[in-house]
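Worksheet: the structure to be examined is printed underneath.
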Amino acid sequence: MEGIRHKMVNVNGISMHVAEKGEGPVILFLHGFPELWYTWRHQILALSSLGYHAVAPDLRGYGDTEAPTAITSYSCMHIVGDLVALIDSLGVEQVFLVAHDWGAIIGWYLCLFRPDRVKAFVCLSVPFMPRKPQMKPVESMRLFFGDDYYICRFQEPGKIEAEIAHYGASNVLKKIISSRKPGPPRIPKANAFGIKPDTPITLPSWFSEEDLSYYANKFNKKGFTGALNYYRAFDLNWEQTAPWTNTQVKVPVKYIVGDLDSVYTTPGMKEYVNGGDFKRDVPMLDEVVIMEGVGHFINQERADEINSHIHDFIKNF
């Protein structure tokens, strides 16, 4: 991690930890669940060496960034507000955006609310999800995927935190990061994460024990509640974004996903991405890349390829 600088920035009423390296046009990297700025370590080093200023915050509730207690403090309005303030603090009008998982969801909101601040967006894993006014999202997910669907299981405050504590943050993180199960992801009531004491979990080659230790130390210190509150604010986001119903995202986008990703293999997702609806909602969608044999944590599993994909796209702007 040589040469990566760390600083704290006051944004939108909270203190945010930011990792950065390089000089030049800003690339803002947004991590997902259950991750940290650290997920972008390969991209920070590669893109900063190509003449960019790589900036990767711990999002609200994660790592060394402040974690407000109220679930209502984790709405898309709050998180996008944090990011606009962060961009302002960098002294630039626009950034290139690269985001994964929950970071991608927030990235879509940033593009929807403030397209003037984003030059181009490289989106990993989670495509745009247009607001469906007929039904709140958690109710809809419960109807389609059942009570064991992971987002439904995350709703009750304290419940999943207690289950994570029972198995240990390190074991749960190891299980999530090494998983190759197709979607929709489910967390059964019995043995939520499928962890068996007599069956060791093998880390993938692209994620070391040192990487796991960094994650586990941060989550042991911070806890998981802030991170889980993003899921608990799903319905609040739906309420707050009513004015943007049927609004297109008008930012240049490149979308990349692994064909083994639990998001991409969730029923209905492939049809949305490949069937024309995604392009209808995001008219400046430039390219869709489906990477074969790749799971959810694509920017770590195929770091070099993702670095090339990012650079090949943003160098056009």
Exercise. Would a distance-only check, ignoring hydrogens and angles, find a side-chain to backbone donor-acceptor pair under 3.5 Å from Thr266 to Ser262?
Worked result: yes

Exercise. Where is the tightest heavy-atom contact between Phe313 and Phe121, given as atom of each residue plus distance?
Worked result: CE2-O, 3.8 Å

Exercise. If only atom types and distance count, is the side chain of Asn299 paired as donor or acceptor with the main-chain N or O of Gln43 below 3.5 Å?
Worked result: no

For this session: Look at the side-chain heavy atoms of Ile, Leu, Val, Met, Phe, Trp and Tyr, link any pair under 4.5 Å apart, and say whether Leu112 and Met284 land in one connected group.
Result: no

Problem set entry | Student check: side-chain heavy atoms of Lys174 and Glu209 closer than 4.5 Å | yes

Problem set entry | Whether Trp238 side chain and Val138 backbone form a donor-acceptor pair below 3.5 Å | no

For this session: Apply the test salt bridge (Lys or Arg N to Asp or Glu O under 4.0 Å) to residues Glu156 and Arg232: give CA-CA distance (whole Å), side-chain angles for both, the deciding distance (0.1 Å), then the verdict.
Result: CA-CA 8 Å; Glu156 187 183 333; Arg232 294 165 184 155; over 6 Å; no

Problem set entry | Backbone of His296 reached by a side-chain donor or acceptor of Glu301 within 3.5 Å | no

Seminar exercise, completed: Looking only at heavy atoms, the pair that brings Asp64 and Lys222 closest together is C-NZ, 4.5 Å

For this session: Verify whether one side chain among Ser15 and Glu66 offers a donor that lies under 3.5 Å from an acceptor in the other.
Result: no

Exercise. Between the side chain of Ser48 and the main-chain N/O of Ile44, is any donor-acceptor distance below 3.5 Å?
Worked result: yes

Problem set entry | Sub-4.5 Å side-chain heavy-atom contact between Pro267 and Phe145 | yes

Problem set entry | Check: Asn220 side chain, Ala216 main-chain N or O, donor-acceptor pair, under 3.5 Å | yes

Exercise. Between Ala46 and Asn307, which heavy-atom pair has the shortest distance, and what is it?
Worked result: CB-ND2, 3.3 Å

Exercise. Any side-chain heavy atom of Arg114 within less than 4.5 Å of one from Val84?
Worked result: yes

Exercise. Say you draw a straight line from CG of Asp58 to CE of Met8; how long is it, rounded to the nearest 0.5 Å?
Worked result: 8.5 Å

Problem set entry | Stepwise side-chain contact (heavy atoms from CB on, under 4.5 Å) test for His309 and Val122 | CA-CA 8 Å; His309 275 301; Val122 178; 5.7 Å; no

For this session: Give the C-alpha distance, both sets of side-chain angles, the deciding distance and a yes or no for side-chain contact (heavy atoms from CB on, under 4.5 Å) between His31 and His100.
Result: CA-CA 6 Å; His31 68 80; His100 173 257; over 6 Å; no

Exercise. Are the side chain of Asp277 and the backbone of Val273 linked by a donor-acceptor contact shorter than 3.5 Å?
Worked result: no

Problem set entry | Any side-chain heavy-atom pair of Leu45 and Ile4 under 4.5 Å | yes

Problem set entry | Single-linkage hydrophobic cluster Leu97~Phe113, side-chain heavy atoms < 4.5 angstrom | yes

Exercise. Counting heavy atoms not belonging to Glu292, are there more than 12 under 6.0 Å from its CD?
Worked result: no

Exercise. Between Asp259 (side chain) and Ile290 (backbone), is there a donor-acceptor pair under 3.5 Å?
Worked result: no

Exercise. What distance do Asp312 atom CG and Glu287 atom CD have between them, rounded to the nearest 0.5 Å?
Worked result: 8.5 Å

Problem set entry | Lys279 atom NZ: more than 12 heavy-atom contacts under 6.0 Å | yes

For this session: State yes or no: do Ile151 and Leu236 share one hydrophobic cluster built from I, L, V, M, F, W and Y residues joined by side-chain heavy-atom distances below 4.5 Å, directly or via other members?
Result: no

For this session: Find the distance between CD1 (Ile71) and CG (Asn229) and round it off to the nearest 0.5 Å.
Result: 5.0 Å

Exercise. Would Asp88 and Arg117 pass as an ion pair if we require N to O under 4.0 Å?
Worked result: yes

Exercise. Quick one: are the ring centres of His6 and Trp37 less than 6.0 Å apart?
Worked result: yes

For this session: Tell me whether the centres of the aromatic rings in Phe219 and Tyr214 are closer together than 6.0 Å.
Result: no

For this session: Please confirm whether the backbone N or O of Tyr215 pairs with a side-chain atom of Asp211, one donor and one acceptor, at under 3.5 Å?
Result: no

Exercise. With no hydrogens and no angle check, is any side-chain donor or acceptor of Ser75 less than 3.5 Å from a backbone partner on Asn237?
Worked result: no

Seminar exercise, completed: ring-ring contact (aromatic ring centres under 6.0 Å, His included) test vs Phe278 passes for just one of Phe128, Tyr272, Tyr264, namely Tyr272

Exercise. Are Ile298 and Val289 linked, directly or through other ILVMFWY residues, by side chains that come within less than 4.5 angstrom of each other?
Worked result: yes

Exercise. Any idea how Tyr150 and Phe154 line up, ring-wise: parallel (<30°), tilted (30 to 60°), or perpendicular (>60°)?
Worked result: perpendicular

Exercise. Going by heavy atoms in the side chains, are Val294 and Asp261 under 4.5 Å from each other?
Worked result: no

Exercise. Between Trp244 and Arg131, is there a cation-pi geometry (under 6.0 Å to ring centre, at most 45° from the normal)?
Worked result: no

Exercise. Are the aromatic rings of Trp40 and Phe297 close, with centres under 6.0 Å apart?
Worked result: no

Problem set entry | Rounded distance [0.5 Å steps], CD1 in Ile201 versus OG1 in Thr199 | 9.0 Å

For this session: Walk me through it: do Asp82 and Arg60 pass the test salt bridge (Lys or Arg N to Asp or Glu O under 4.0 Å)?
Result: CA-CA 8 Å; Asp82 298 346; Arg60 172 182 290 239; 2.8 Å; yes

Problem set entry | Identified ring-ring contact (aromatic ring centres under 6.0 Å, His included) counterpart of Tyr231 within the set Phe224, Tyr149, Tyr74, Phe33 | Phe33

Exercise. Between Cys123 and Val126, what is the shortest heavy-atom contact and its length?
Worked result: SG-O, 3.0 Å

Exercise. Does the pair Leu212 and Ser170 meet the rule for a side-chain contact (heavy atoms from CB on, under 4.5 Å), with working shown?
Worked result: CA-CA 7 Å; Leu212 177 66; Ser170 183; 3.5 Å; yes

Exercise. Of all heavy-atom pairs between Met135 and Leu143, which one has the smallest distance, and what is that distance?
Worked result: CE-CD2, 4.0 Å

Problem set entry | Any donor-acceptor N or O pair under 3.5 Å, side chains Asp281, Gln248 | no

For this session: Taking all non-hydrogen atoms of both residues into account, name the closest pair between Phe96 and Pro25 and its distance.
Result: CE1-CB, 4.1 Å

For this session: Calculate, to the nearest 0.5 Å, the distance between atoms CG and NZ belonging to Leu124 and Lys254 respectively.
Result: 10.0 Å

For this session: Taking atom CG of Asn246 as the centre, report whether more than 12 heavy atoms of other residues, nucleotides or ligands fall under 6.0 Å from it.
Result: no

Exercise. Excluding sequence neighbours, so at least two apart, what forms side-chain hydrogen bond (donor to acceptor under 3.5 Å, both in side chains) with His166?
Worked result: none

For this session: State, yes or no, whether a side-chain contact exists between Arg153 and Glu163 at a heavy-atom distance under 4.5 Å.
Result: yes

Exercise. Could you go step by step and tell me if Trp108 and Leu110 meet the side-chain contact (heavy atoms from CB on, under 4.5 Å) rule?
Worked result: CA-CA 5 Å; Trp108 288 115; Leu110 177 59; over 6 Å; no

For this session: Compute whether any side-chain donor of one residue and acceptor of the other, for Gln300 and Arg41, lie under 3.5 angstrom apart.
Result: yes

Exercise. Quick one: are Asp147 and Lys189 in side-chain contact, heavy atoms under 4.5 Å?
Worked result: yes

For this session: State, yes or no, whether a side-chain contact exists between Val249 and Pro115 at a heavy-atom distance under 4.5 Å.
Result: no

Problem set entry | Spatial distance of atom CD1 (Ile187) from atom SG (Cys152) [nearest 0.5 Å] | 10.0 Å

Exercise. Distance only, no hydrogens: is a donor on one side chain within 3.5 Å (strictly under) of an acceptor on the other, for Tyr255 and Asp286?
Worked result: no

